[in-house]
Amino acid sequence: MSAPSPRTSTPEQGTSRWQATDGRGTSVHHLRTTCRACTQATLHRVLQLGNQPLANAFLRSSDDARHESRFPLELYFCTTCSLVQLADVIDPEVLFGEYIYVTGTSSTMALHNQEYARTVRDRLTLGPGDLVVEVASNDGSLLGCFKEFGGRILGVEPARNIAALAASRGIPTVNRFFDEGAGHELRSTHGAARAVIGNNVLAHVDDTQGFLRGAAALIADDGAVIVEVPYAREMLLNCEYDTIYHEHLCYFSVTALAHLAQRVGLAVDDVQEREVHGGTIRVWMRKQPAHGARAREMMATEAANGLSTLAAWEEFARRAAEHRRSLRLMLEELHGRGKVVAGYGAPAKGNTMLNYCGIDPTLVPYTVDRNPLKVGTYTPGMHIPVLDVKTLLDRAPDFVLILAWNFADEIMEQQQAYRDRGGRFIIPIPSPRIA
């Protein structure tokens, strides 16, 4: 298991040093010293998950492990604006230039996208000429739902391979990163958008203010910036430390998002809670002078529950360490009894958990996944082989550890044949249990 980085509890003030390079000698990693939302030097480290590989840097062969890079994975809390975040920043080209996560492999996400598109269409009364732009549009699964309504759509996707996949499916896609400049340029070439959507992307952005300024520049005066982000409240309450990985630079509460929106000339008009990804909030931002009633209500609740306190996140770290101990004990006990435990899924969050808990092929000899881009690879850090889903029935392990636990119901329903043969599932979050 990787030892925690021996750094102080706050980043060294006055520094923003590059700490690692790629094979060409180009810097790929630096350490922030100020909060990316409020710019204050009030970051306090609350959790160390050790030196970890990039969560989506799957290996093509076990020999690739010799060249595997690891970076500190540490969680910080800003005592000025309450944003929970990482201070270690990896070059986004390294993270997203090529990508292997696609949104179109889950039936849960397909239903979510259909509901999402209907809600946006109805709330904004979108017409045939109205433009909907999705930033980090991935394979175009969500925009495809808008396309069915007959509106204008445009995807903005930085991963070259995923942008090409979306284009091949008939989704107009611009292959670039999104920032303030991109917002102005896209408005000049495509016109103002009624909706700019960013799902699980705002958390990936180091320059959060620049990203939202670009989105604000792109929308029409009666438009909306709509983002979905994992909710920090659910992460805190359910000990979802596996949500933390280098791609996820921020972990948002409504309070932190409201502070951020104000700084770029927007206000949080509404907030909707969704169960997807272990607890998500859909946040509607508009060009208006004040936050909406629902946003103010949620901020008050967050304050009452201590979500915006340093002490709450220090307790979160203690619970994460206890979870690591409990999960390892369960797996070691099953291994000692001669039981075989396979994994299900190879999500980024699963790799955080595997590496933090030190779960290697001795305890979980393989995992399975429906994403063909991952099958045949090895997980980062622990180097567990990723096999096709049909392997579960072929090999019939005694237990299956659901690494993609946010889709546990869907997975267990799909694998009813495995259960009928006596197979059991382990759901790791919020605490390890056998289902």
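What you see is a predicted model; the values in this text were computed from it and never measured. Numbers here are sequence positions counted from 1.
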Rounded to the nearest 0.5 Å, what separates atom [atom1] in [X] from atom [atom2] in [Y]?
{"X": "Q288", "Y": "D221", "atom1": "CD", "atom2": "CG", "answer": "12.5 Å"}
{"X": "L218", "Y": "S188", "atom1": "CG", "atom2": "OG", "answer": "10.0 Å"}
{"X": "L354", "Y": "M382", "atom1": "CG", "atom2": "CE", "answer": "7.5 Å"}
{"X": "E234", "Y": "N406", "atom1": "CD", "atom2": "CG", "answer": "12.5 Å"}
{"X": "F316", "Y": "N238", "atom1": "CZ", "atom2": "CG", "answer": "10.0 Å"}
{"X": "R274", "Y": "I281", "atom1": "CZ", "atom2": "CD1", "answer": "12.0 Å"}

Step through the shown structure and confirm whether more than 12 heavy atoms of other residues, nucleotides or ligands are within 6.0 Å of CD on Q262.
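Yes - once you tally the heavy atoms of other residues, nucleotides and ligands closer than 6.0 Å, there are more than 12.
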Heavy atoms of other groups near D409 CG, more than 12 under 6.0 Å:
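At most 12 heavy atoms, drawn from other residues, nucleotides or ligands, come within 6.0 Å of this atom.
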Only pairs at least two apart or in different chains count here, so list each salt bridge (Lys or Arg N to Asp or Glu O under 4.0 Å) that has a residue in [range].
{"range": "residues 250-261", "value": "none"}
{"range": "residues 178-188", "value": "R176-E185"}
{"range": "residues 118-130", "value": "R123-D270, D130-R194"}

Without placing hydrogens or testing angles, list every side-chain donor-acceptor pair under 3.5 Å for residues 424-435, not counting sequence neighbours.
none

Please tell me if the side chains of [X] and [Y] come closer than 4.5 Å, counting only heavy atoms from C-beta onward.
{"X": "L47", "Y": "W313", "answer": "no"}
{"X": "V132", "Y": "L143", "answer": "yes"}
{"X": "V268", "Y": "M299", "answer": "no"}
{"X": "V283", "Y": "F252", "answer": "no"}
{"X": "L86", "Y": "Y251", "answer": "yes"}
{"X": "C38", "Y": "C78", "answer": "yes"}
{"X": "L165", "Y": "R169", "answer": "yes"}
{"X": "D88", "Y": "L73", "answer": "no"}

Residues two or more places apart in sequence or in another chain: which of them pass side chain to side chain contact (heavy atoms under 4.5 Å, CB included) with L131?
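With neighbours one apart ignored, the set is V133, R152, L154, H190, A193.
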Mind checking side chain to side chain contact (heavy atoms under 4.5 Å, CB included) for A65 and listing every partner two or more places apart, or none if nothing turns up?
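Once residues adjacent in sequence are excluded, the partners of A65 under the side chain to side chain contact (heavy atoms under 4.5 Å, CB included) criterion are L59, H383.
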Results of ring pair (Phe, Tyr, Trp, His ring centres under 6.0 Å) for H323 - residues two or more places apart only
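For H323 the ring pair (Phe, Tyr, Trp, His ring centres under 6.0 Å) partners, ignoring immediate neighbours, are Y241.
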Hey, are R319 and E322 close enough for a salt bridge, meaning a charged N less than 4.0 Å from a carboxylate O?
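Salt bridge: no.
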Do E74 side-chain atoms and P72 backbone N/O form a donor-acceptor pair below 3.5 Å?
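It does not hold such a pair.
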Can you tell me if K349 uses its side chain to pair, donor with acceptor, with the backbone of E240 under 3.5 Å?
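A pair under 3.5 Å: no.
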Among residues at least two apart in sequence or on other chains, which ones pass salt bridge (Lys or Arg N to Asp or Glu O under 4.0 Å) with [X]?
{"X": "E315", "value": "R318"}
{"X": "R294", "value": "E273, E297"}
{"X": "E148", "value": "none"}

Looking only at non-hydrogen atoms, find the nearest pair between L266 and V225 and report the distance.
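So the minimum-distance heavy-atom pair works out to CD1-CG2, 4.3 Å.
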Pair E302, T255: side-chain N/O donor-acceptor within cut-off below 3.5 Å
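On atom types as modelled, these side chains qualify, holding a pair under 3.5 Å.
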Quickly, which of L257, I226, D269 forms a side chain to side chain contact (heavy atoms under 4.5 Å, CB included) with M285? Name it, please.
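It is L257; the other options fail the test.
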With a 3.5 Å cut-off and sequence neighbours excluded, list the donor-acceptor pairs that the side chains of residues 207-217 form with protein atoms.
| residue | atom | partner | partner atom | Å |
| --- | --- | --- | --- | --- |
| D207 | OD1 | G210 | N | 2.9 |
| T208 | OG1 | R36 | O | 3.1 |
| Q209 | OE1 | R213 | NH2 | 3.1 |
| Q209 | NE2 | A37 | O | 2.8 |
| R213 | NH2 | R263 | O | 3.0 |

Where at least one partner belongs to residues 122-144, residue pairs that pass ring pair (Phe, Tyr, Trp, His ring centres under 6.0 Å), sequence neighbours excluded
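Those involving residues 122-144 do not exist here.
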